[in-house]
Number of protein chains: 2
Amino acid sequence: MTEKNLYESILESLPEDADHRIAWLALVRCFSSIERVLLKHFAQKYNSSLPRYDVLTALALNRDGLTMGELASMLMVTKGNITGVVRRLAQDGLVLKNTSKSDRRVQSVKISAKGVRLWEKMHADYDDMIALLLSGQSVEQIKELRQALRRTRLLVEKNSVAFNS
Amino acid sequence: MTEKNLYESILESLPEDADHRIAWLALVRCFSSIERVLLKHFAQKYNSSLPRYDVLTALALNRDGLTMGELASMLMVTKGNITGVVRRLAQDGLVLKNTSKSDRRVQSVKISAKGVRLWEKMHADYDDMIALLLSGQSVEQIKELRQALRRTRLLVEKNSVAFNS
DNA sequence: ACTATTTAGTTTATACTTAAACGAAATTAC
DNA sequence: GTAATTTCGTTTAAGTATAAACTAAATAGT
């Protein structure tokens, strides 16, 4: 009694000429299938999550530290969200949080030595996982995928300006 | 003081030959840029979310009803997750939940008339949004995108068997 | 100076997500 | 028929996410 997954049901219900909708479905399925593996792997191996990895990455690439607002802006999430993730990372000793001397509203967040060690392991592992999951395509095919995605994203960003009102 | 977003920082930090990693980054960016617009639109216009839409879609395509377990399996989420989403949909009168007569453990969930009306609006709207966001590419380009994504997903599913241990 | 406004970050309420523990019901083993 | 096991769904605890209300601090306007 293994049910059809929702994607396949939707695909069957869609008219043949719903090109855009079908392409989006393909995008969701491809993204989700990769994300699922990454999520499970990181949870099992590092007892960690992608949001934590993302914050560590931002801080690893900005060793002078970032403010809460800068983190929120870079990760495109709310500041309230960052408050929670950074608090938990700080509890685990992976980041350090200090009030700025020049402006007491501002928090400066830096990755700790322990954080760097963890991040380097996760980062290498992440690369390996992606390389393994995507392997089997030629260099040209990978490039074609990348260019189609880039072209699409740029159009989406252009087309979505209408919605940002 | 608009910070670079994380994607661009990562891209700069990556070696030129990290093809797979760069393709994955392109996939994440493209997916996220579309998802963000959909999320905001659905939240504003319907005070609803994608998980709610997904459950309604599954039930709209299966008018005889689905069990909690079938919903969880189709949407690839845990049963605990479904419990919550269905409870909120039922509170809003969008779905109906009844204990099966033949097996009192089993819940049969059906979409209500009100649920169908909402779903039909959301569904049409969803299609329109996707068509609008992806517009500007030729039919061939859309097809190329779709095929590259399909090819990639099939490889990912093949390659990830190694992780399902 | 002093009031008003803006800015930075936290808190709160709610929703979504998982894993794991749990309760109830059905099935299997004997 | 009873005991053990499996199955279905809920509950719980914790993390992640948002929007909106809030606090504290800095800045602007006068």
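Naming convention: chains lettered A, B, ... in sequence-line order (proteins, then strands); numbering from 1 in each chain.
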Checklist entry - Short question: side chain of Thr67(A), backbone of Val106(A) - any donor-acceptor pair under 3.5 Å? => result no

Checklist entry - Just by distance, do the side chain of Arg63(B) and the backbone of Ala60(B) share a donor-acceptor pair under 3.5 Å? => result yes

Item to check | Within residues 89-105 of chain A, residues whose heavy atoms come under 4.0 Å of DNA chain C | outcome: Lys97(A), Arg105(A)

Item to check | Atom-to-atom span, CG of Leu71(A) to C1' of dT10(C) - whole angstrom | outcome: 15 Å

Item to check | Close residues, residues 54-63 of chain B, relative to DNA chain C [heavy-atom separation under 4.0 Å] | outcome: none

Item to check | Parallel, tilted or perpendicular, as decided by the 30° and 60° cut-offs, for the rings of Tyr126(B) and Phe42(B) | outcome: perpendicular

Next on the checklist: Using 30° and 60° as the class boundaries, would you call the ring planes of Phe31(A) and Trp24(B) parallel, tilted or perpendicular?
Outcome noted: parallel

Checklist entry - How does protein contact run along nucleotides 11-22 of chain C, one letter per nucleotide 5' to 3', with B for base contact, S for sugar-phosphate only, - for none, heavy atoms under 4.0 Å? => result B---SSSBS---

Next on the checklist: So does Leu94(A) get a backbone contact from the side chain of Ser112(A), meaning a donor-acceptor N/O pair under 3.5 Å?
Outcome noted: yes

Checklist entry - In whole angstrom, what separates Met68(A)'s CE from dT7(C)'s C1'? => result 15 Å

Next on the checklist: Looking at every heavy atom in both Ser135(B) and Leu155(A), which two are closest together, and how far apart are they?
Outcome noted: O-CD2, 3.8 Å

Item to check | Donor-acceptor contact below 3.5 Å, side chain Asp125(B) vs main chain Lys121(B) | outcome: no

Item to check | Flag, side chain of Asn159(B) to backbone of Leu132(A), donor-acceptor distance under 3.5 Å | outcome: yes

Item to check | Flag, side chain of Arg36(B) to backbone of Met76(A), donor-acceptor distance under 3.5 Å | outcome: no

Checklist entry - Is the NZ atom of Lys158(A) crowded by more than 12 outside heavy atoms at less than 6.0 Å? => result no

Checklist entry - Could you give the CZ-to-C1' distance, from Phe42(A) to dG15(D), as a whole number of Å? => result 17 Å

